[in-house]
Amino acid sequence: MVQGIEHVAVVSHNTAELKDWYMEMYGGRVVYDNGKGTYFLQFPDGSMIEFVMATEDKPSDTEKSAGIRHLAFSVSPKAFEEIVSKLKADRRVEEVHDISENASGLKTYWYKDIEGNFSHLIYRPDPLM
């Protein structure tokens, strides 16, 4: 039986730089480095992002193109504000949708990371489960 998602992979032309940027924005720790450009970055809940070297460019895409389209980072209300400030200050980050908040207090902030990958921060006051 599947217990959950262990990791997602982000393919990159500069895995060291992208891994360092994710660590700067979100924390986490490197739990694997093969010395050839593959890294696993682990977060406190055990989830991981794998950074893998690209062999070619990705075709241009949009937020609603078919396929896996974004990473969503669950954060506390305080971390939400702090990380949004850091993202907005980084000129390499492209804002997709500014902060939105619904009536129940759910907050999101959509952006593209320094390599153009869609991501968003999410603060969910009431878990879906």
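Of all non-hydrogen atoms in Gly28 and Met23, the two that sit nearest each other are O-CE, 3.9 Å. Listed here is the closest heavy atom pair of Leu41 and Lys19: CD2-O, 4.4 Å. The two residues Met48 and Phe40 have their closest heavy-atom pair at SD-CD2, 3.9 Å. Pro125 and Ser104 make their closest contact through CG-O, 3.2 Å (heavy atoms, listed as atom of the first residue, atom of the second, distance).
Atoms NE2 and CE, from His13 and Met53 in turn, are 8.5 Å apart once rounded to the nearest 0.5 Å. Between the CG atom of Asp90 and the CD1 atom of Ile114 there is a distance of 7.0 Å, given to the nearest 0.5 Å. Within the model, atoms OG of Ser119 and NZ of Lys112 stand 11.0 Å from one another, a figure rounded to the nearest 0.5 Å. Distance CZ/Arg124 to OG/Ser76: 15.0 Å, rounded to 0.5 Å. Taken to the nearest 0.5 Å, the CG atom of Leu121 stands 9.0 Å off from the CD1 atom of Ile99. The line from CD of Glu101 to OG1 of Thr108 is 9.5 Å long, rounded to the nearest 0.5 Å.
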Quiz prompt | Leu71 and Val10: CA distance, side-chain angles, deciding distance, side-chain contact (heavy atoms from CB on, under 4.5 Å) verdict | solution = CA-CA 10 Å; Leu71 299 174; Val10 177; 4.0 Å; yes
Quiz item: Should Glu95 and Leu87 be marked as a side-chain contact (heavy atoms from CB on, under 4.5 Å) after you check the CA-CA gap, both sets of side-chain angles, and the distance that decides it?
Solution: CA-CA 9 Å; Glu95 183 173 280; Leu87 290 166; over 6 Å; no
Practice problem: Show the numbers, then the answer: is there a side-chain contact (heavy atoms from CB on, under 4.5 Å) between Val8 and Glu50? | Solution: CA-CA 6 Å; Val8 295; Glu50 177 185 16; over 6 Å; no
Quiz prompt | Ile83 vs Val75, side-chain contact (heavy atoms from CB on, under 4.5 Å): CA-CA, chis, key distance, verdict | solution = CA-CA 9 Å; Ile83 296 170; Val75 295; 4.0 Å; yes
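Both Phe43 and Phe51 belong to a common hydrophobic cluster when Ile, Leu, Val, Met, Phe, Trp and Tyr are linked at side-chain heavy-atom distances under 4.5 angstrom. Cluster annotation: Trp110 and Ile49 are assigned to distinct hydrophobic clusters (Ile/Leu/Val/Met/Phe/Trp/Tyr, side-chain heavy-atom contacts under 4.5 Å, transitive). Two different hydrophobic clusters hold Ile122 and Val96 under the rule that ILVMFWY side chains link at heavy-atom gaps under 4.5 Å.
Between Phe73 and Tyr22, the ring-plane angle classifies as tilted under the 30° and 60° cut-offs. Aromatic ring orientation, Trp21 versus Tyr26: perpendicular (interplanar angle above 60°, classes split at 30° and 60°).
Glu81 and Lys107 are joined by a salt bridge, as a carboxylate oxygen and a charged side-chain nitrogen come within less than 4.0 angstrom of each other. For the pair Lys86 and Glu82, the salt-bridge criterion is not met [side-chain N within less than 4.0 Å of a carboxylate O].
A donor and an acceptor atom, one from each side chain of Ser12 and Asn14, are nowhere located under 3.5 Å apart.
Within the 4.5 Å cutoff, the side chain of Lys36 has no heavy atoms near those of the Thr38 side chain.
Aromatic rings of Tyr123 and Phe80 (six-membered ring for Trp) have centroids beyond the 6.0 Å cut-off, not under it. Ring pair His97/Tyr109: centre-to-centre distance not below 6.0 Å.
Residues passing the side chain to side chain donor-acceptor pair (under 3.5 Å) test with Thr15, sequence neighbours excluded: none.
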